[in-house]
Structure formats: C-alpha cells, structure tokens
Amino acid sequence: MTTMPKGINWNEQFYKLLRLSLGLTQEFPVEVDADGWRRLYQTAIRQSLVGVCYQGVCLLPEGSKPPAEIAMQWASEAESIKGMNELLYQEAARLTREFEEKGHRTAILKGQANARLYPDKHARQPGDIDIFSSS
C-alpha cells in the first residue's frame with residue numbers, strides 16, 4: 001500500500017472503495033489516514049451509499065480499516081439501514097397482501113425491487129415503497 005499524496009482525488013478513492021464494496025475488485029490499494037476516512041464516509045453519506053460502502057470497509061484487513069470512531073459511526077449507520085430495509089420489506093409484503101385481498105395485482109417498483117441486484121440487499125439505503133397496482 002502507498003500513502004495518499006497531497007492533492008489526492010477523493011472521488012477516485014471513493015470509486016475504488018465502491019468497486020471493492022460491489023465485489024468488482026478485491027483490493028483497495030491505498031493507505032487512508034483518519035481525515036481521508038472522514039472524507040470517504042462523508043462522500044458515502046452524500047451519495048446515499050453508506051451501507052453499500054460499509055460492505056467494502058468490512059473486507060479490508062485490520063491495519064487498513066478506518067479509525068475506531070469513524071468505523072463505529074459507519075457500522076451504526078449501516079446497521080440502521082439494514083433495520084430500515086427489513087421494515088420496508090415487511091411493509092411491502094403487507095401492502096401486497098392487502099391489495100390482493102381487494103382484488104388488485106401489484107408490483108413493487110424502483111428501490112426495494114432493485115435492492116435484489118445489490119451484493120447485500122439490506123445495504124441499499126431505502127426511501128419509500130413504490131407500488132404499481134392494477135385490477
């Protein structure tokens with residue numbers, strides 16, 4: 001690993017972490033200091049990719065992970081996202097059953113439906129539930 005030089009392109013480093021998180025690579029070849037990890041975490045927040053990027057952080061060897069304070073914040077947020085996804089999956093199933101009982105066919109659209117395409121469907125940052133209904 002190499003230490004990041006001054007003037008580093010943080011977007012590029014974020015994309016490297018994202019590729020690791022999505023299973024597109026097995027390496028994150030840069031040593032990141034505490035300030036760098038804060039930047040990467042803040043970028044993950046801005047991009048609504050905290051849970052997804054946390055998957056990559058978990059894959060890093062012990063010496064390459066963020067400092068404990070940042071790692072704990074990240075883990076806490078990722079766990080919160082997982083819990084919210086579990087609630088939304090339950091609610092989507094309940095709504096589907098409710099619509100079916102009234103004679104309507106449904107399809108869950110966008111976010112929750114696309115989550116199955118992620119390496120971990122519970123890592124996707126959820127929002128609302130979009131439902132298409134027809135009778």
Side-chain angles (χ1 to χ4, degrees):
M1 291 203 180
T2 58
T3 303
M4 290 202 275
K6 299 276 185 216
I8 190 73
N9 182 332
W10 288 102
N11 287 331
E12 183 179 317
Q13 301 315 311
F14 178 75
Y15 293 134
K16 287 180 182 179
L17 178 60
L18 185 57
R19 284 191 291 275
L20 173 68
S21 303
L22 294 172
L24 301 175
T25 185
Q26 279 79 49
E27 54 185 49
F28 185 64
V30 179
E31 189 175 304
V32 182
D33 62 12
D35 183 55
W37 278 115
R38 277 194 259 326
R39 288 178 184 222
L40 291 171
Y41 178 61
Q42 289 300 316
T43 302
I45 290 171
R46 280 193 312 277
Q47 298 298 324
S48 298
L49 289 168
V50 172
V52 173
C53 287
Y54 184 68
Q55 301 296 306
V57 169
C58 291
L59 295 172
L60 294 171
E62 281 307 312
S64 299
K65 291 186 178 189
E69 178 185 336
I70 297 166
M72 291 301 292
Q73 282 180 307
W74 213 324
S76 175
E77 184 66 22
E79 192 61 29
S80 176
I81 289 167
K82 178 182 177 182
M84 182 60 93
N85 272 304
E86 289 171 356
L87 288 173
L88 283 175
Y89 290 129
Q90 290 171 9
E91 184 64 5
R94 186 192 69 76
L95 289 168
T96 298
R97 283 190 304 275
E98 189 174 309
F99 275 79
E100 284 177 355
E101 288 168 4
K102 294 179 181 179
H104 298 278
R105 294 180 14 199
T106 63
I108 303 298
L109 306 173
K110 300 183 347 183
Q112 291 309 114
N114 288 333
R116 65 186 177 79
L117 302 173
Y118 285 66
D120 177 353
K121 70 178 186 175
H122 290 96
R124 183 193 158 275
Q125 194 158 328
D128 58 3
I129 300 172
D130 298 296
I131 301 175
F132 173 79
S133 173
S134 67
S135 36

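These figures come from a predicted structure and were not determined experimentally. Computed over heavy atoms, backbone and side chain alike; hydrogens, waters and symmetry mates excluded.
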With side chains defined as the heavy atoms from C-beta onward, is the minimum distance between [X] and [Y] less than 4.5 Å?
X: His122; Y: Glu86; result: yes
X: Val32; Y: Gln13; result: no
X: Val57; Y: Pro66; result: yes
X: Tyr41; Y: Glu77; result: yes
X: Leu95; Y: Thr106; result: no
X: Tyr54; Y: Ser21; result: no

How close do [X] and [Y] get, counting heavy atoms only, and between which atoms?
X: Cys53; Y: Trp74; value: CB-CZ2, 3.7 Å
X: Gly56; Y: Leu17; value: C-CD1, 4.2 Å
X: Pro126; Y: Leu88; value: CB-CD1, 3.2 Å
X: Leu20; Y: Leu59; value: O-CD1, 3.8 Å
X: Ile81; Y: Gly51; value: CD1-N, 3.6 Å

Nearest-0.5 Å distance, [atom1] of residue [X] to [atom2] of residue [Y]:
X: Arg19; Y: Thr25; atom1: CZ; atom2: OG1; value: 7.5 Å
X: Asp35; Y: Ile70; atom1: CG; atom2: CD1; value: 8.5 Å
X: Ile131; Y: His104; atom1: CD1; atom2: NE2; value: 12.0 Å
X: Ser134; Y: Arg105; atom1: OG; atom2: CZ; value: 5.0 Å

Shared hydrophobic cluster, [X] / [Y] (ILVMFWY, side-chain heavy atoms < 4.5 Å):
X: Met84; Y: Val50; result: no
X: Leu40; Y: Tyr15; result: yes
X: Tyr89; Y: Ile108; result: no
X: Leu18; Y: Trp10; result: yes
X: Leu24; Y: Leu49; result: yes

Quick check: does any side chain N or O of Asn85 sit under 3.5 Å from a backbone N or O of Arg124, one acting as donor and the other as acceptor? yes
Answer yes or no: is there a donor N or O on one side and an acceptor on the other, between the side chain of Ser64 and the main chain of Leu60, under 3.5 Å? no
Counterpart residues, salt bridge (Lys or Arg N to Asp or Glu O under 4.0 Å), relative to [X] (two or more places apart):
X: Lys16; value: Glu12
X: Lys121; value: none
X: Glu79; value: none

Under the side chain to side chain donor-acceptor pair (under 3.5 Å) definition, can you give me all pairs with a residue in residues 43-53, not counting sequence neighbours? Thr43-Arg46
Is the count of non-hydrogen atoms from other residues, nucleotides or ligands lying under 6.0 Å from Lys65 atom NZ greater than 12? yes
Would you call the rings of Phe28 and Trp37 parallel, tilted or perpendicular if under 30° counts as parallel and over 60° as perpendicular? tilted
Could you walk me through whether Glu91 and Arg94 pass the salt bridge (charged side-chain N to carboxylate O under 4.0 Å, His left out) check? CA-CA 5 Å; Glu91 184 64 5; Arg94 186 192 69 76; 2.6 Å; yes
Which residues satisfy the side chain to side chain contact (heavy atoms under 4.5 Å, CB included) test with Asp128, sequence neighbours excluded? Asp130
Partners meeting side chain to side chain contact (heavy atoms under 4.5 Å, CB included) with Glu101 (sequence neighbours left out): none
